[in-house]
Amino acid sequence: MSLRYQAPRGTQDILPEEQPYWDWVRDTAARLAGLFGYGRIDTPVFEPAALFVRTTGEATDIVQKEMYVFQDRGGQELALRPEGTAPVCRAYLEHGLHARPQPVRLWYIAPIFRYDRPQAGRYRQHHQFGVEAIGDESPALDAEVIELLWSLYGELGLSGLTLRLNSIGDRNCRPAYVAVLREYYSDKLDRVCADCRDRFQRNPLRLLDCKQESCQPVIAGAPALTDHLCAECAEHFAQLRGYLDALGIPYELEPRLVRGFDYYTRTVFEVHPPVEGAQSAIGGGGRYDGLIEELGGPPTPAVGFGTGIERIILNLKRQEVAVPQGRGVQAFVAYQGAQARLSALRLASRLRRQGIATVVATGDRSLKAQMRQADARGARYALILGPREVETGTVTVRRLADGHQETLPAEEVVSRLRP
RNA sequence: GUGGACGUCGCCUAGCGGUCAAGGCGCCAGGCUGUGGCCCUGGAGAUCGCGGGUUCGAAUCCCGCCGUCCACCCCA
């Protein structure tokens with residue numbers, strides 16, 4: 001089929017039959033966030049492009065090749081939001097949220113845009129549920145955020161997930177580690193892949209999670225980041241692990257886990273589903289103690305996560321998790337004749353005012369066709385209004401599940417439909 | 001951005017150089033006069049993703065583009 005217009009590459013329409021999944025995820029996320037004391041925040045879909053360049057990092061893939069950047073008619077450089085954290089921090093500063101009791105706990109569900117090549121579970125527009133806890137450096141807050149993410153998956157019905165955890169140090173110890181790492185790699189560049197030679201220059205930390213077979217021996221011998229944490233970072237990390245243990249949240253230490261944004265410090269984590277696709281993380285996050293300062297605010301520690309709703313739904317389907325289905329129509333009103341049509345419209349109107357989901361037949365089709373419609377719609381009752389009913393002021397109520405049917409006075413219909 | 005597979009009615013699929021492109025699901029209608037789900041019958045619905053090329057002749061072969069999927073990159 002060739003349509004003149006189709007949804008742009010990497011975007012999708014979410015049809016009614018998909019919505020139960022979305023409702024399930026959104027409702028559960030909102031409920032949990034509330035349970036943890038987080039308040040909802042919505043930020044614009046677009047922001048000054050510089051906001052992301054500054055925070056996410058000049059050299060990151062997101063900034064280098066994945067941002068939707070455009071100029072508006074006033075000449076402003078804007079970007080469709082490629083991640084959720086920076087806008088929330090911007091709002092935190094803009095509205096003086098530092099003057100509120102710290103930490104400030106915020107959550108959002110928002111569309112995210114990245115110009116990369118779509119495949120299963122990866123889109124140019126996707127949606128994230130995210131949480132940011134700003135203004136406190138306690139590892140207890142890291143644990144809280146991780147617990148929230150972990151319980152979300154549990155509540156949703158996902159199983160077999162693994163939480164990967166690491167600490168990548170802070171402004172003090174990371175540069176020292178990167179120097180050690182560079183030193184280690186400097187005489188081995190001829191033994192690693194071309195990408196790694198590039199990473200050596202641009203983003204040395206990423207050397208650690210190269211998947212190339214040939215690079216594995218080099219990685220195996222590389223100095224571990226966690227052996228080079230400063231005392232404060234090591235202590236912070238140790239406390240966090242203690243809290244997670246106390247909360248009974250299982251995690252795997254993943255010394256090679258680094259994340260794609262420059263703003264992370266100390267804690268980083270990802271959650272992976274049991275079946276590994278190419279891009280499998282369904283959620284990830286970490287601490288970003290320097291981000292607010294980078295935006296011109298006071299030094300403000302913070303921690304948060306983002307989790308992809310499309311990927312959650314993908315895994316709900318893979319694991320055949322049954323999600324609550326919305327209630328369908330209760331009543332389908334069929335009628336015969338122009339007279340009855342008016343009665344049908346009035347009856348439907350009355351039912352809806354009583355909170356009973358009601359659909360009226362259209363097109364003056366045969367009663368048989370209307371009944372077929374009622375069945376196809378999944379209605380619980382068919383209400384039949386023909387000349388006979390109009391004349392006697394009655395309605396025939398047919399329960400579609402078993403065909404039980406009776407004709408009763410119009411006034412009694414409402415009470416009959418709600419047991 | 002790199003490599004690969006695929007693209008036939010709304011959905012799933014057959015056809016794989018030669019009459020009007022076939023079937024299932026779904027949709028619409030009918031199966032005697034006011035009634036669904038099963039069954040039967042009929043109908044609508046496809047420029048065979050788009051554009052070029054090869055050929056007497058292409059859905060079937062070749063090229064380009066678009067899209068989907070897979071791997072890489074990266075990420076949720």
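Below, read A as the first sequence line, B as the second, and so on, with proteins coming before strands; counting in each chain starts at 1.
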Peer 1: Report the nucleotide, chosen from B/C28, B/C73, B/C69, that has the shortest atom-to-atom distance to any side-chain atom of A/Asp61.
Peer 2: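 For the A/Asp61 side chain, the nearest candidate turns out to be B/C73.
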Peer 1: B/A71, B/G34, B/C74: which one has an atom nearest the side-chain heavy atoms of A/Gln119?
Peer 2: B/A71
Peer 1: What's the gap between B/U41 and B/A59 when it is taken at their C1' atoms, as a whole Å value?
Peer 2: 31 Å
Peer 1: Please give the distance between the P atoms of B/G3 and B/C56 as a whole number of Å.
Peer 2: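 Looking at atom P only, B/G3 and B/C56 are 35 Å apart.
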Peer 1: Measuring only the P atom in each nucleotide, how far is B/G36 from B/G30? A whole number of Å is fine.
Peer 2: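 Going atom to atom, P in each nucleotide, I get 12 Å.
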Peer 1: If we take the P atom in both B/A29 and B/G18, what is their distance in whole Å?
Peer 2: 39 Å
Peer 1: Indicate, with a heavy-atom threshold strictly under 4.0 Å, whether A/Phe261 touches base, sugar-phosphate, or nothing.
Peer 2: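 Sugar-phosphate: the residue A/Phe261, judged by heavy atoms under 4.0 Å, touches backbone atoms but no base.
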Peer 1: Mind checking the C1' distance from B/C48 to B/C61? Whole angstroms is fine.
Peer 2: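 To the nearest whole Å, 15 Å.
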Peer 1: Please determine, for B/A59, whether a Watson-Crick or G-U wobble partner exists with both distances under 3.5 Å, and give it or none.
Peer 2: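 Paired with B/A59, as far as the under-3.5 Å criterion goes, is no nucleotide at all.
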Peer 1: Quick one: label A/Arg117 by what it contacts on the DNA or RNA (base, sugar-phosphate, nothing), any heavy atom closer than 4.0 Å.
Peer 2: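 Base, at least one base heavy atom under 4.0 Å.
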Peer 1: Which part of the nucleic acid does A/Glu66 contact within heavy-atom distance under 4.0 Å: base, sugar-phosphate only, or nothing?
Peer 2: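 Contact class for A/Glu66: sugar-phosphate only.
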Peer 1: Scan residues 9-34 of chain A against RNA chain B and write down, sorted by residue number, each residue with any heavy atom closer than 4.0 Å; if none is found, say none.
Peer 2: A/Arg9, A/Gly10
Peer 1: A/Arg124 near the nucleic acid: base, sugar-phosphate alone, or nothing, with a heavy-atom cut-off under 4.0 Å?
Peer 2: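 Nothing: the residue A/Arg124, judged by heavy atoms under 4.0 Å, touches no strand.
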Peer 1: For B/G43 versus B/C25, give the span between their P atoms, rounded off to a whole number of Å.
Peer 2: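 Here B/G43 and B/C25 have their P atoms 15 Å from each other.
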Peer 1: Applying side-chain contact (heavy atoms from CB on, under 4.5 Å), can you list everything that pairs with A/Asp72, at least two apart in sequence or on another chain?
Peer 2: A/Gln76, A/Leu78
Peer 1: So, using side-chain contact (heavy atoms from CB on, under 4.5 Å) as the criterion, who are the partners of A/Pro204 when residues are at least two apart?
Peer 2: A/Val178, A/Leu181, A/Arg182, A/Leu207
Peer 1: When the P atoms of B/C38 and B/C11 are considered, how many whole Å apart are they?
Peer 2: 23 Å
Peer 1: Between A/Phe46 and A/Phe113, does the ring centroid distance fall short of 6.0 Å?
Peer 2: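 Distance test on ring centres: not under 6.0 Å, no.
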Peer 1: Can you run down the ring pair (Phe, Tyr, Trp, His ring centres under 6.0 Å) pairs that involve residues 169-224 of chain A, sequence neighbours left out, and say none if there aren't any?
Peer 2: A/Tyr177-A/His228
Peer 1: Is a side-chain donor or acceptor of A/Thr265 paired with a backbone partner of A/Asp289 at a separation under 3.5 angstrom?
Peer 2: yes
Peer 1: Applying side-chain contact (heavy atoms from CB on, under 4.5 Å), can you list everything that pairs with A/Asp61, at least two apart in sequence or on another chain?
Peer 2: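 Result, side-chain contact (heavy atoms from CB on, under 4.5 Å) vs A/Asp61: A/Lys65, A/Glu66, A/Arg202.
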Peer 1: If we ignore hydrogens and angles and just use 3.5 Å, is the side chain of A/Arg26 paired with the main-chain N or O of A/Ile309 as donor and acceptor?
Peer 2: no
Peer 1: Please measure how far the C1' atom in B/U19 lies from the corresponding atom in B/U33, and state the result in whole Å.
Peer 2: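 So the two C1' atoms sit 46 Å from each other.
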Peer 1: I want to verify a distance call: between B/C74, B/A76, B/U2, whose nearest atom is closest to the A/Gln128 side chain?
Peer 2: B/A76
Peer 1: Taking atom types as they are modelled, would you say the side chain of A/Arg122 forms a donor-acceptor pair with the base of B/C74 within the 3.5 Å cutoff?
Peer 2: yes
Peer 1: State, without any angle test, whether A/Thr392 and A/Arg388 hold a side-chain donor-acceptor pair at a distance under 3.5 Å.
Peer 2: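 There is no such pair (donor and acceptor under 3.5 Å, judged by atom type) between the side chains of A/Thr392 and A/Arg388.
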Peer 1: Between A/Arg287 and A/Val303, is there a donor-acceptor pair closer than 3.5 Å when you use the side chain of the first and the backbone of the second?
Peer 2: no
Peer 1: Going by purine N1 to pyrimidine N3 plus the second Watson-Crick contact, or the G-U wobble pair, all under 3.5 Å, which nucleotide sits opposite B/C9?
Peer 2: none
Peer 1: Spell out protein contact along nucleotides 35-41 of chain B as letters: B when the base is contacted, S when just the sugar-phosphate is, - when no protein heavy atom is under 4.0 Å; keep the 5' to 3' order.
Peer 2: BBB----
Peer 1: Can you confirm whether A/Ile168 sits close enough to A/Arg174 that some side-chain heavy atom of one is under 4.5 Å from a side-chain heavy atom of the other?
Peer 2: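 Yes, their side chains come closer than 4.5 Å.
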